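Following: one structure in structure tokens, then a few remarks.
Owing to the predicted nature of the structure, the values given are computational and were not obtained by experimental measurement.
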Amino acid sequence: MTEQDQIRLGKVLWDIADQLRGSMNADDFRDYMLAFLFLRYLSDNYEEAAKRELGSDWPQLSAEDRRAPLAVWYEENPGDIEVFEDQMRRKVHYVIKPQFLWSSIAEKARTQDSELLSTLKEGFKFIENQSFSQSFQGLFSEINLDSEKLGKTYKQRNDRLCTIIQTIHKGLAAFPTDRDLLGDAYEYLIGQFAAGSGKKAGEFYTPQPISSILSGIVSLDAQDPANGRREKLGNVLDFACGSGSLLLNVRRRMGKDGVGKLYGQEKNITTYNLARMNMLLHGVKDTEFEIFHGDSLRNEWPLLHEMNPAKKVEFDAVVANPPFSLRWEPTEDLANDFRFKDYGLAPKSAADFAFLLHGFHFLHKEGTMAIILPHGVLFRGNAEAKIRQKLLSDNNIDAVIGLAPNLFYSTGIPVCILVLKKCKKFDDVLFINAAELYEKGKRQNRLLPEHIEKILDTYQYRREVSETLENGALFVSRRVSLDEIKANDFNLNITRYASTSRQEPDIDLAEVHRTLRDLSEKSAAARERHNAFLRELGLPELS
């Protein structure tokens, strides 16, 4: 697999999506497209494992025989199916019946089989309820195969699905059957659909470059990042996980054996299902992750209800990109909630600090939290000022990183990353002003790999710099004492401490006065000489 393959496959699939969706809303078609890509991944992975398991018993079919080899084996060995499936559950953690494999579905599409739609329905239901040891109930709940958007009659819907699946199958045939390649293509498509969805995209997708900054931060040694990457992260939480890209980025950076278990929570049912598919598509076993559908602010996840400190679930890393300045309804009960009671409640107009405190409560004392928030949390007053003051007074805020504007699909405003810890080695706050660090794009600005590396290097080694960038702007970082922050009323506005504006040269007013006086005297002398000539000529003088 090469990077070119990844980009090419992503573009091929996006072109197919653009071509096939017709008048269907992009968000609706996204669900069909990604579900089929997910089925293809599960099928390829399962058939490869089955071929290894069966060895010489794997049926060798002629080119004219388009049946799935596993379907043939099932027909010939009905008495061995149960033992085989038990073995597959142990080795690949799931089972797919031959008739539901992508190769079988694609063949039905090629032959315009009238049973394609009903087979897909059965297949999706089987994967949700029987494929895995744990139930993935509702995984395909957003895929309405009876929708009139596919066609008004069963035949029209069946024909449309035949066309969609055939086209996807042909598009994928030109690429190697590499599981990582399909996982990356899935991520690419999520990003492309996000870009086309405008503001809706912020609900489920964090651009990969920004994910890389967060994952890079939380993967470093919590006490002293200069010591380098941690050997292992136990549990990792994203309480507003969207499609799961942030969690996967942490796993990718740490390596699959470098993370214990990934935990995510998502309120939106569609993106909750996207996240579950995304995990499986990237080879994360069903025992290695847990995604919960529910509201984080109301703490609806039973796993996180434990109030006994000795039994509380804690996480070595917490990452999040929650909805910016979400309006919420804090109640009296929430004022006494164990997550908020020591800090106070975030205002109704902006739940930013409520999200932050939720994640921070479950952070392990030796862990790191990195969260993306709007700049308002750095300086807004009243309830937010009190929360900010408490976090600073307890020495919990480790770094504040300001990013460039227009990096997100959902908003053009610049955002910041807050890094928090419960036990800090350093008693200052590192401010990194990276507002001018980006490559300008047509619709959206981009962070390049070298930009990400510069930010992470500055954070890791706590560097203080003032560097002129290629675009002539400044990249500035500075370590600021708590006394200085306190003197500024606990205001964390980045430009107060690490400004990218260039200092104007000092002006010597006495010298300016002398220069103006000399010029005035010279002007008067020149006017007098000119008037002398005018008098000789009998012309009116200049006043």
Side-chain angles (χ1 to χ4, degrees), residues 27 138 141-142 197-206 237-244 246 263-275 290-307 312-313 315 318-363 369-391 396-397 408-411 413 415-418 420 490 492:
D27 288 343
S141 63
E142 298 300 294
S197 300
K199 291 190 176 181
K200 290 183 182 178
E203 296 174 9
F204 66 86
Y205 187 72
T206 304
L237 172 68
D238 182 348
F239 54 82
C241 70
S243 63
L246 256 173
Y263 291 84
Q265 184 164 356
E266 176 54 41
K267 185 179 179 181
N268 181 294
I269 184 67
T270 303
T271 47
Y272 159 68
N273 286 328
L274 277 181
E290 188 172 343
I291 309 291
F292 180 78
H293 176 227
D295 190 333
S296 293
L297 293 179
R298 297 189 180 282
N299 202 22
E300 292 178 344
W301 197 351
L303 177 76
L304 304 180
H305 284 177
E306 183 57 63
M307 289 184 281
K312 184 178 75 172
V313 179
F315 300 89
V318 177
V319 289
N321 173 25
F324 298 156
S325 300
L326 180 75
R327 291 193 66 85
W328 71 311
E329 296 296 330
T331 63
E332 288 185 21
D333 288 344
L334 282 175
N336 296 315
D337 188 288
F338 53 80
R339 299 166 297 164
F340 309 132
K341 66 180 181 180
D342 293 334
Y343 300 87
L345 289 172
K348 290 182 180 181
S349 58
D352 302 309
F353 268 117
F355 282 118
L356 182 151
L357 292 173
H358 172 83
F360 186 66
H361 177 79
F362 298 105
L363 181 68
M369 175 176 175
I371 180 170
I372 302 167
L373 293 169
H375 277 255
V377 300
L378 304 178
F379 54 79
R380 289 192 297 240
N382 302 318
E384 291 179 295
K386 291 176 183 176
I387 297 171
R388 195 167 56 241
Q389 179 174 341
K390 168 100 173 124
L391 289 167
N396 293 142
I397 298 180
F408 284 80
Y409 300 117
S410 55
T411 179
I413 65 169
V415 299
C416 65
I417 298 171
L418 257 60
L420 298 103
F490 298 96
L492 293 178

Checklist entry - Distance from F353 atom CZ to L373 atom CG, nearest 0.5 Å? => result 7.5 Å
Checklist entry - Pairs in or reaching into residues 292-302: which pass salt bridge (Lys or Arg N to Asp or Glu O under 4.0 Å), with residues at least two apart or in two chains? => result K267-D295
Checklist outcome for this item: G359 and F239 have their tightest heavy-atom pair at CA-CE2, 3.6 Å
Item to check | Check: F340 main-chain N/O paired with H361 side-chain donor or acceptor under 3.5 Å | outcome: no
Checklist outcome for this item: Of all heavy-atom pairs linking L345 and P330, the shortest is CD1-CB, 3.7 Å
Next on the checklist: My understanding is that only residues two or more places apart in sequence, or in another chain, count here; which of them pass ring-ring contact (aromatic ring centres under 6.0 Å, His included) with Y263?
Outcome noted: F315
Next on the checklist: I'd like to check L418 versus L492 (side-chain heavy atoms, cut-off strictly below 4.5 Å). Are they in contact?
Outcome noted: no
Checklist entry - So, do I269 and S141 sit near enough that their side-chain heavy atoms are less than 4.5 Å apart? => result yes
Checklist entry - Got a second to check how far L357's CG is from L363's CG, nearest 0.5 Å? => result 12.0 Å
Checklist entry - S325 and P374: which non-hydrogen atoms are nearest, and at how many Å? => result OG-CG, 3.7 Å
Checklist entry - Under the salt bridge (Lys or Arg N to Asp or Glu O under 4.0 Å) test, which residues partner K348, sequence neighbours left out? => result none
Checklist entry - Can you tell me how far OG1 of T206 sits from CG of D238, rounded to the nearest 0.5 angstrom? => result 7.0 Å
Item to check | Test item: N268 side-chain N/O and G242 main-chain N/O as donor-acceptor pair under 3.5 Å | outcome: no
Item to check | Test ring-ring contact (aromatic ring centres under 6.0 Å, His included) applied to F490 - qualifying residues, sequence neighbours left out | outcome: none
Item to check | Side-chain touch Y343/L391, heavy atoms, less than 4.5 angstrom | outcome: yes
Next on the checklist: Just verifying a value: how many Å separate F338 CZ and F362 CZ, rounded to the nearest 0.5 Å?
Outcome noted: 4.5 Å
Checklist entry - With a 4.5 Å limit on heavy-atom distance, are the side chains of F408 and I413 in contact? => result no
Next on the checklist: Any non-hydrogen side-chain atom of I387 less than 4.5 Å from a side-chain atom of L356?
Outcome noted: no
Checklist entry - Tell me the side-chain hydrogen bond (donor to acceptor under 3.5 Å, both in side chains) pairs involving residues 327-336, sequence neighbours left out? => result none
Checklist entry - side-chain contact (heavy atoms from CB on, under 4.5 Å) between N396 and F360: does it pass, once the steps are laid out? => result CA-CA 10 Å; N396 293 142; F360 186 66; 3.5 Å; yes
Item to check | Distance, nearest 0.5 Å, that separates CG of N321 from CZ of F355 | outcome: 10.5 Å
Item to check | Nearest heavy-atom neighbours spanning P322 and A240 | outcome: CA-CB, 3.9 Å
Item to check | Residues forming a ring-ring contact (aromatic ring centres under 6.0 Å, His included) with H293, sequence neighbours excluded | outcome: Y272
Next on the checklist: With salt bridge (Lys or Arg N to Asp or Glu O under 4.0 Å) as the rule and sequence neighbours excluded, what pairs involving residues 380-391 come up?
Outcome noted: D352-R380, R380-E384, K390-D394
Next on the checklist: Taking ring-ring contact (aromatic ring centres under 6.0 Å, His included) as the definition, give me every residue that meets it alongside F379, ordered by chain and number, with sequence neighbours left out.
Outcome noted: none
Checklist entry - Hey, is NZ on K312 packed in by over 12 heavy atoms from elsewhere, all under 6.0 Å? => result yes
Next on the checklist: For a side-chain contact (heavy atoms from CB on, under 4.5 Å) check, start with the C-alpha distance between H358 and L304, then their side-chain angles and the critical distance, and finish with the verdict.
Outcome noted: CA-CA 10 Å; H358 172 83; L304 304 180; 4.1 Å; yes
Checklist entry - Do the side chains of F292 and L303 get nearer than 4.5 Å, heavy atoms only? => result no
Item to check | Which atom of A275 lies closest to which atom of C241, heavy atoms considered | outcome: CB-SG, 4.2 Å
Item to check | Non-neighbouring partners of E142 that pass salt bridge (Lys or Arg N to Asp or Glu O under 4.0 Å), sequence neighbours left out | outcome: none
Checklist outcome for this item: Sequence neighbours excluded, the answer for salt bridge (Lys or Arg N to Asp or Glu O under 4.0 Å) partners of R339 is D337
